[in-house]
Participant: 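This is the structure I have questions about; it appears just below.
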Number of protein chains: 2
Amino acid sequence: MSTPRTARALARETLTQEILDAARARLRSDGPAGLSLRAVARDVGMVSSAVYRYFPSRDALLTRLLIDSYGELGEAVERAETEVAREDTGGRWLAACRALRTWCMDRPGDFALLYGTPIPGYAAPQDTVEPATRVIQVLARIVGDAYADGARAVPAPRGGAGTDATVAGARDFVVEHGLARSGLATESVVRTLMAWSQLFGTVSFELFGHLAGSVTDPARWYDEVAIRLAADLGIQLRV
Amino acid sequence: MSTPRTARALARETLTQEILDAARARLRSDGPAGLSLRAVARDVGMVSSAVYRYFPSRDALLTRLLIDSYGELGEAVERAETEVAREDTGGRWLAACRALRTWCMDRPGDFALLYGTPIPGYAAPQDTVEPATRVIQVLARIVGDAYADGARAVPAPRGGAGTDATVAGARDFVVEHGLARSGLATESVVRTLMAWSQLFGTVSFELFGHLAGSVTDPARWYDEVAIRLAADLGIQLRV
DNA sequence: CTCGAAATGAGAGCGGCGCTCTCGCAGTGC
DNA sequence: GCACTGCGAGAGCGCCGCTCTCATTTCGAG
């Protein structure tokens, strides 16, 4: 990470990055399952065994890509959201949602890596957990800000079994990460989490072709989803 | 399919089924990406090249599994739904939703095949489209019946861009398949489609570990999702 | 019943995969 | 200057999907 002192350390850093870049290109073009360490090696002009000097296994390479992609997605969503005036929570919500979709559509390979079928025999190590939560953190912060401004989620319908205990972990998460300035009703936590999985489901369906034939304009459809979710959360959208 | 006349035809049918069974077992244990034709061949006591007499490629085998799995899932959801009294649309909705989750949790490999990352270089052929729609058909039929009984979806929030054109394909689908006895408001179509992707997103998050740490009781959480979706659709749940 | 055609299964082989091991070379620190 | 370590190349292991050849079996038309 810091400035390398020796020629060897410099070469190592450069080559590691080259491998990562080539791997990312392969990920984009072939998807996670098609990402072969040998092909990456060829791309950087190495023999396959040499790559093992830089990454102990294909899974390690995948993990690194995973973390980086989570970071990129999180940053993209965060950037889109912060470009909107802070008090316009509705605008922030919509911007964040749209940035999420745009990023995923532009990088289906990355999306598959992050949210698709886990690679068989591959368990995401612990250091991927924190980066993985960045998107939901952005969403939760917007909801938290809106809540502080008086936005209230639509109350749960009768018949629910009670969700307080179920989402205790999510509550803790919100508190620990300081995502809500002044508390946050359980109902808002619940609806935020549901909104997140709804957004994911919509993107996934579009990307994997499950909406083909039903929805003609996926961007508009997605917008409609985001707008309704905002309404459920009590977030005002400026018309 | 019909009664085979010759010993050879009988053997062919039997062996085809044996291969499919072995492949399904492999799919269940290793997931779609881990499904190897050679392993399947070993399981049925064949050499790998012999399997190619029955399936022209691994993809063809996968396609067959895909169609069968769609059918099984559709049937499971349908069966659960028809076991509830016809006029109890709320009970039918909840039963269908629960059957969906249960089936997916019991068969993560199948779920990954149906709704996970598409296998690189594999395009699902046309004959998979119809079986793929069975679940949404069941959901739409319940919503259609509820609509006929007077259930009305929660109106769209202000700010929507208008969804009529976007979901025209879905409307046609509902009409063609006779899923609604007496018309169906666009709003109900929209909310049904959104409910479907919400259910999928929730299942996917649970199965792929994206809810870990936030939700302690996934079954209860999923129920809560289903209940809220019913409320959005105006479907009454008997408490 | 016979005989050519078709179906079937085994085996070898091709290129590609992840990964390991060895070997020679070059940069490094003492 | 020298021992040590990092590095790239190459060979090789067992796996994969898939193709081709060849011997055997089964079938159906004459």
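Residue numbers begin at 1 in each chain, while the letters A, B, ... track the order of the sequences.
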Participant: Identify whether any heavy atom of A/L15 sits under 4.0 Å from a base atom; if not, whether one sits that close to sugar-phosphate; answer base, sugar-phosphate or nothing.
Facilitator: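 The answer is sugar-phosphate, as A/L15 gets under 4.0 Å only of primed atoms, P, OP1 or OP2.
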Participant: Rounded to the nearest angstrom, tell me the gap between atom CG in A/L62 and atom C1' in C/dC19.
Facilitator: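 My rounded result for the distance is 15 Å.
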Participant: Name all residues meeting the salt bridge (charged side-chain N to carboxylate O under 4.0 Å, His left out) criterion together with A/R79; count only those two or more places apart in sequence or in a different chain, and write none if there are none.
Facilitator: A/E75
Participant: Does A/S48 or A/V51 map to a spot on DNA chain D nearer the 5' end, using the closest nucleotide for each?
Facilitator: A/V51
Participant: Base, sugar-phosphate alone, or nothing: which one does A/S36 contact when heavy atoms must sit under 4.0 Å apart?
Facilitator: sugar-phosphate
Participant: Rounding to a whole Å, what distance do you find between B/E13:CD and C/dA7:P?
Facilitator: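 The answer, rounded to whole Å, is 16 Å.
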Participant: Does B/R53 make a side-chain donor-acceptor contact with the base of C/dG9, cut-off 3.5 Å?
Facilitator: yes
Participant: Grab the CG-C1' distance between B/L10 and C/dA7 for me, whole Å please.
Facilitator: 15 Å
Participant: Distance check needed: C/dC17 P versus A/Y52 OH, whole Å only.
Facilitator: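 Result: 11 Å.
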Participant: Scan A/F55 against the nucleic acid and name what it touches under 4.0 Å (heavy atoms): base, sugar-phosphate only, or nothing.
Facilitator: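 Since no nucleic acid heavy atom lies under 4.0 Å of A/F55, the category is nothing.
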Participant: Roughly how far, to the nearest 0.5 Å, is the CD1 atom of A/I227 from the CG atom of A/L94?
Facilitator: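 Atom-to-atom, A/L94:CG and A/I227:CD1 are 6.0 Å apart.
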Participant: Name the one of B/E78, B/E83, B/E81 that satisfies salt bridge (Lys or Arg N to Asp or Glu O under 4.0 Å) with B/R92?
Facilitator: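 The option that passes is B/E81.
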Participant: Check the distance between C/dG18's C1' and A/L35's CG and give it to me in whole angstrom.
Facilitator: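 Taking atom C1' of C/dG18 as the reference, CG of A/L35 is at 12 Å.
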Participant: The test is side chain to side chain donor-acceptor pair (under 3.5 Å); show your working for B/S69 and B/R24 and say whether it passes.
Facilitator: CA-CA 9 Å; B/S69 285; B/R24 184 155 299 276; 2.9 Å; yes
Participant: Would you grab the first and last nucleotide of DNA chain D (5' to 3') that comes under 4.0 Å of any non-hydrogen atom in chain B?
Facilitator: D/dC16 to D/dG28
Participant: Less than 4.0 angstrom from a charged side-chain N to a carboxylate O is my criterion; do B/R64 and B/D68 meet it?
Facilitator: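 Salt bridge flag = yes for B/D68 with B/R64.
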Participant: Under the ring pair (Phe, Tyr, Trp, His ring centres under 6.0 Å) test, which residues partner B/F208, sequence neighbours left out?
Facilitator: B/F111
Participant: Looking only at non-hydrogen atoms, find the nearest pair between B/Q137 and B/L179 and report the distance.
Facilitator: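 The pair with the smallest heavy-atom distance is O-CD2, 3.6 Å.
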Participant: Where each residue is assigned the nucleotide of DNA chain C containing its nearest heavy atom, which of A/R38 and B/G45 is assigned the position nearer the 5′ end?
Facilitator: B/G45
Participant: Using whole Å, what does the distance between atom P of nucleotide C/dA10 and atom CE of B/M46 come to?
Facilitator: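 Answer to the nearest Å: 7 Å.
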Participant: Using a heavy-atom cut-off of under 4.0 Å over every strand shown, decide if B/S57 touches base, sugar-phosphate, or nothing.
Facilitator: sugar-phosphate
Participant: Over how many whole Å does the gap from B/R58 atom CZ to C/dG16 atom C1' extend?
Facilitator: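 Rounded to the whole Å, the gap is 14 Å.
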Participant: Show every donor-acceptor pair shorter than 3.5 Å between a side-chain atom in residues 195-207 of chain B and any protein atom, with sequence neighbours excluded, or say none if there are none.
Facilitator:
{"from": "B/S197", "atom 1": "OG", "to": "A/Q198", "atom 2": "NE2", "distance (Å)": "3.1"}
{"from": "B/S197", "atom 1": "OG", "to": "B/L193", "atom 2": "O", "distance (Å)": "3.3"}
{"from": "B/S197", "atom 1": "OG", "to": "B/M194", "atom 2": "O", "distance (Å)": "3.1"}
{"from": "B/Q198", "atom 1": "NE2", "to": "A/M194", "atom 2": "O", "distance (Å)": "3.1"}
{"from": "B/Q198", "atom 1": "NE2", "to": "A/S197", "atom 2": "OG", "distance (Å)": "3.1"}
{"from": "B/Q198", "atom 1": "NE2", "to": "B/T202", "atom 2": "OG1", "distance (Å)": "3.4"}
{"from": "B/T202", "atom 1": "OG1", "to": "B/Q198", "atom 2": "O", "distance (Å)": "2.8"}
{"from": "B/E206", "atom 1": "OE1", "to": "B/R101", "atom 2": "NE", "distance (Å)": "2.9"}
{"from": "B/E206", "atom 1": "OE2", "to": "B/R101", "atom 2": "NH2", "distance (Å)": "2.9"}

Participant: Considering residues at least two apart in sequence or located in another chain, which fulfil the side chain to side chain donor-acceptor pair (under 3.5 Å) criterion with B/D43?
Facilitator: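 Applying side chain to side chain donor-acceptor pair (under 3.5 Å) to B/D43 gives B/R26.
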Participant: For B/L37 and C/dG9, give me the distance from atom CG to atom P, rounded to whole Å.
Facilitator: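 Computing the B/L37:CG to C/dG9:P distance gives 14 Å.
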Participant: Produce a footprint string for nucleotides 25-30 of chain C: one letter per nucleotide, 5' end first; B if the base is under 4.0 Å from any protein heavy atom, S if only the sugar-phosphate is, - if neither.
Facilitator: -BBS--
Participant: How long is the straight-line distance from CG of B/L233 back to CD1 of B/I142, given to the nearest 0.5 Å?
Facilitator: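 B/I142 atom CD1 to B/L233 atom CG measures 10.0 Å (nearest 0.5 Å).
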